[in-house]
Amino acid sequence: MESASQGLLSDAMTDVPVDSAASARTAAPEGLTLAEEEELRSELAKVEEEIGTLRQVLAAKERHCGELKRKLGLTPLDGLKQNLSKSWHDVQVSNAYVKTSEKLGEWNDKVTQSDFYKKTQETLSQAGQKTSAALSNVGSVISRKLGDMSSYSIRHSISMPAMRNSATFKSFEDRVGTIKSRVVGSRENSTDGLHSPSGAGDNPPQDNAPF
């Protein structure tokens with residue numbers, strides 16, 4: 001039974017034609033002939049081979065570049081700075097950056113030439129001048145006051161010894177001393193009169209002597 005089924009299967013497979021090259025190829029895109037398809041596939045293989053070769057060359061160049069940098073003492077940070085500088089230079093020379101700079105320059109000229117900007121600048125300038133003048137006046141007044149206080153202190157320190165040595169000041173001191181001694185003496189006499197029996201009812205003596 002099993003041998004009979006195998007014989008039937010082999011007979012059926014021999015009846016189907018097999019084309020290995022056709023089965024390996026995909027169907028040709030519409031609008032292309034078989035010759036054009038073969039040509040494109042050949043060109044694709046060549047390009048892929050060139051890409052592989054270029055990748056190998058690039059890897060070798062990168063290794064050589066790393067060795068040169070190592071010998072020169074350059075660090076990865078230096079390379080990053082160089083790349084950033086180059087990128088910024090590329091941005092500055094780009095058309096978009098140039099056009100933007102020109103547009104900003106035009107706007108700046110329009111703003112600075114407008115009447116509103118000029119009036120605002122004049123107002124700020126006048127306010128700044130007034131503020132500077134006010135601060136200068138305040139500084140002058142403070143300096144003058146300090147100078148007057150210093151002069152007064154110097155004059156006062158110089159005049160006090162001379163005043164004390166003057167005849168008028170000495171006479172005044174003598175009079176004050178006399179009055180003080182009389183007041184102290186009268187108080188002592190009043191105290192003695194209160195304690196003495198004979199003078200309990202007597203009035204304290206009056207001293208009407210002039211100063």
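In this structure, Leu135 stands alone, with no Ile, Leu, Val, Met, Phe, Trp or Tyr side-chain heavy atom under 4.5 Å from its own, directly or through other members. Summarising the hydrophobic clusters (Ile, Leu, Val, Met, Phe, Trp, Tyr; side-chain heavy atoms under 4.5 Å, direct or chained), the residues clustered with Leu44 are none. Residue Val47 belongs to a hydrophobic cluster whose other members are Ile51, with links defined by side-chain heavy atoms closer than 4.5 Å.
Within the structure, salt bridge (charged side-chain N to carboxylate O under 4.0 Å, His left out) pairs that include any residue of residues 89-107 comprise Lys86-Asp90, Lys103-Glu106 (at least two apart or interchain). Sequence neighbours left out, not one pair with a member in residues 111-134 passes salt bridge (charged side-chain N to carboxylate O under 4.0 Å, His left out). Residue pairs satisfying the ring pair (Phe, Tyr, Trp, His ring centres under 6.0 Å) criterion with at least one member in residues 91-116, sequence neighbours excluded, are listed as follows: Trp88-Tyr97. Counting only residues at least two apart or in different chains, salt bridge (charged side-chain N to carboxylate O under 4.0 Å, His left out) contacts with residues 49-60 are absent.
Side-chain atoms of Asn108 do not come within 3.5 Å of backbone N or O of Leu104 as any donor-acceptor pair. Under a 3.5 Å cut-off, the side chain of Ser42 and the backbone N or O of Glu38 do not form any donor-acceptor pair. A donor-acceptor distance shorter than 3.5 angstrom exists from the side chain of Thr131 to the backbone of Ala127, with no hydrogens or angles considered.
Leu124 places a side-chain heavy atom less than 4.5 Å from the side chain of Thr120.
The ring-ring contact (aromatic ring centres under 6.0 Å, His included) check on Tyr117 picks up nothing, with sequence neighbours excluded.
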Under 3.5 Å, which donor-acceptor pairs link side chains of residues 63-75 to any protein atom two or more places apart or in another chain?
from, atom 1, to, atom 2, distance (Å)
Thr75, OG1, Asp78, N, 3.4
Thr75, OG1, Asp78, OD2, 3.2

Could you go through residues 139-146 and list every donor-acceptor pair under 3.5 Å that involves a side-chain atom there, pairing it with any protein atom two or more places apart or in another chain?
from, atom 1, to, atom 2, distance (Å)
Ser140, OG, Ser136, O, 3.0
Ser143, OG, Gly139, O, 2.8

